2 protein chains.
Amino acid sequence: MAFVSQNNMKTKDSSRIRPGEAVELAEGERPTLKTIAFMAGLGVTTVSRALKDAPEIGQATKSRVQLIARQIGYRPNRAGVRLRTGKTNVISLVLNAQSEIMGLTSNMVYGISEVLSETPYHLTVTPYSVENDPMQPIRYIVETGSADGIIMSRTEPDDARVRYLAEHGIPFATHGRTEMGIEHPFHDFDNEAFAYKSAKSLLLKGRRKIAMMAGPTSAVTYHRHLERGFSRAIEEGDARAILVPDIDVDTSLGRIRDRTEEIMSGPNRPDGIVCCSGSAAIALVAGIEAAGLKIGKDVDLVSKQSTDVLKWFRPEIIVFNEDVRHAGRELARAVLRRIEGVDARELQSLSYPDE
Amino acid sequence: MAFVSQNNMKTKDSSRIRPGEAVELAEGERPTLKTIAFMAGLGVTTVSRALKDAPEIGQATKSRVQLIARQIGYRPNRAGVRLRTGKTNVISLVLNAQSEIMGLTSNMVYGISEVLSETPYHLTVTPYSVENDPMQPIRYIVETGSADGIIMSRTEPDDARVRYLAEHGIPFATHGRTEMGIEHPFHDFDNEAFAYKSAKSLLLKGRRKIAMMAGPTSAVTYHRHLERGFSRAIEEGDARAILVPDIDVDTSLGRIRDRTEEIMSGPNRPDGIVCCSGSAAIALVAGIEAAGLKIGKDVDLVSKQSTDVLKWFRPEIIVFNEDVRHAGRELARAVLRRIEGVDARELQSLSYPDE
DNA sequence: TCCCAAATCTGAAACGTTACAGGTAAGCTA
DNA sequence: TAGCTTACCTGTAACGTTTCAGATTTGGGA
């Protein structure tokens, strides 16, 4: 057996060495399939197949090739693969640069990376500013074919990006749901449950005039979920919803603070507030205290947070955690499986507020 | 002139149409150099050169080719370029996933993206966990040639990554300085100035027993800068430095809070604290208040922050801003220019604490 | 013994780009 | 007119991979 294999190599080797063929690796050069092919006395085709465990290659050959590959530290050249197959091995995260809700971006990135690090995929990040067309980065990716899959956030009920990607058959997953009858992978935090639980906890403290600082007004889907959960609790609790029309999570913290002071100094001030962003909560507290009121006495505050910073914040406010890192992991897994052809309906998940 | 050019096209066109050559663009196919070459009646070489404004191509041809390219929305295929030239057009951001200091990652990403968006470069992000070898992602990038340049943070005085990259001649820029005699591009916040100014401002309030919550103890370069600035102010102010050995910025917020409470309840408690992280500051405040002390009365706090959240934090603490987004922009510009061959010494910059 | 199928392996072509080593025509000089 | 230079353009090869369409060997059945 050993003899045959050696003999095999001998003949192959001599027949393969052609004058002018450089097969020795120069300093700093990376090994390619050709390198392995030469070392194993095989054709590059065989090596290529052996490395991906193709059925038409003998077991002995496979093992030998894989061993050599491991020994010389072979890694497939991404450009070669990409050029030949069209597969980029890239997942693109498309983000809004403005709507950074305290650690959202980083946790999302880390969650996604955790999953991708066990795969050949790389993560590219493409932020866009809120003034720009959100479609622009999406179109760019599709037109230039620069990713195999896309993850995006700030999903809207009727989302042009979702429609576009679905039409073009590009795998993607959204952080947040749509309401447009297109089935697609998503992961979402159950904001309805959060708003409901939050308002409930305020009711439990005897609060009856409750306001909510929700997501970007009506544009983004989760705004609707928040409203739904909030209204349900308000109705059940026979309380009153105080509407604060002109601020939302996208508003600058300074303006949130000022507007809060104004409202809390007015005649119709709430005695409980539900807030869906950690940083906004800090600005709310500043506004409340500027109005001369005391948290826990005059008004109670419940907030969602995606880092644990608010946990240490004084005065104490009730917090529900949204695990964005987990969302990142879920979204990454979803796009990957979508790329593999798994049905979109199997790639939809929700996570629940966690006190 | 027009006639000549038309004639030119005619002959070229007919000589170029070979049976079996598919030149029409199928549905959803992207145009390539070949597409343009066919449309313009030129060779692909000429088109390639015309698009990059090479001197050996006639002005009329250049304009014509560029017009066609624009009209049909031609974008060079990255895999083709990468395979042929070895240039990836990728900048890789290598980050520590744990040391997220409130918005650091996202601002860094956005700053870098702002600069890259005007170039053909894409940004990939590679986080690594603190338990893992920080060299691992760096080695991976170098071995697989997956980026033209690297940006990394958490720079150490004697940084193995810097040595490795310098040896391999890979362009990179660091957020933070080294002390190893290797000239390389960096951008750094002047932490010495920050610590000095911070301690000074506490001295100005009459504080004389001052503690500092610095960066990861001694590992990271900026720790030294903080200590230097801090000590200088302490000496000048004839004050006393209170050492708190077992906590730093990497410590969990819960532990920071607990340890702070302990220290502030002890006999040798500081009356002023300099803190170099926004989120740590919030935990510090929690600890201080847990010890029954009042900020502004029993103790004053100065902190660095990289978002504007602390600005709205109550009780009021003195804040200096580190503009991480600006750092991202600077770092991106630095790597790009380094890739172009600019001398490293011209790509080193510092930014100053901004009240 | 011969033939056929199965099991392995093979080279050539192609993906889109750029570098190399020319080629051709026009215009100028002598 | 011949010869040279300049301006402009050309095809071919190569980067590393996978796919296609065979080629070779082996073993078994007739």
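None of the values given here were measured: they were computed from a predicted structure. Residue numbers start from 1 in every chain, and the chains themselves are labelled A, B, ... in the order their sequence lines are given, proteins ahead of strands.
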Length of the line joining Gln59(A):CD and dT26(D):P, which is rounded to integer Å:
19 Å
With 3.5 Å as the limit, what N/O pairs link the protein to nucleotides 5-7 of chain C?
none

What nitrogen or oxygen pairs link the protein and nucleotides 15-22 of chain C at under 3.5 Å?
unit_1, atom_1, unit_2, atom_2, d
dC15(C), O2, Arg84(A), N, 3.4
dG16(C), N2, Gly80(B), O, 3.3
dT17(C), OP1, Tyr74(B), OH, 2.4
dT17(C), OP1, Asn77(B), N, 3.0
dT17(C), OP2, Leu33(B), N, 2.8
dT18(C), OP1, Lys52(B), NZ, 2.7
dT18(C), OP2, Ser48(B), OG, 2.6
dT18(C), OP2, Lys52(B), NZ, 3.3
dT18(C), O2, Arg84(B), NH1, 2.5
dA19(C), O4', Arg84(B), NH2, 3.3
dA19(C), N6, Thr45(B), OG1, 3.1

With a 4.0 Å limit, can you tell me whether Thr61(A) has a side-chain N or O closer than that to the phosphate oxygens OP1/OP2 of dT8(C)?
no
Atom CG of Leu42(A) and atom C1' of dT17(D): how far apart are they, to the nearest Å?
17 Å
Verify, without hydrogens or angle tests, whether Arg30(A) (side chain) and Arg75(A) (backbone) share a donor-acceptor contact under 3.5 angstrom.
yes
Short question: side chain of Thr61(A), backbone of Ile57(A) - any donor-acceptor pair under 3.5 Å?
no
Taking atom CD1 of Ile112(B) and atom CZ of Arg333(B), what is their separation to the nearest 0.5 Å?
11.5 Å
Over 60° means perpendicular and under 30° means parallel, so tell me whether His326(A) and His187(A) are parallel, tilted or perpendicular.
perpendicular
Would Thr105(B) and Tyr110(A) count as having a side-chain donor-acceptor pair, cut-off 3.5 Å?
yes
To the nearest angstrom, how far is Asp53(B) atom CG from dC8(D) atom P?
13 Å
Any donor-acceptor pair under 3.5 Å linking the side-chain atoms of Thr178(A) with those of Asp159(A)?
no
Value in whole Å for how far the P atom of dC8(D) lies from CZ of Arg64(B):
13 Å
Take the angle between the ring planes of His168(B) and Tyr164(B) and call it parallel below 30°, perpendicular above 60°, tilted in between.
tilted
Distance alone, cut at 3.5 Å: any donor-acceptor contact between the side chains of Thr124(B) and His122(A)?
no
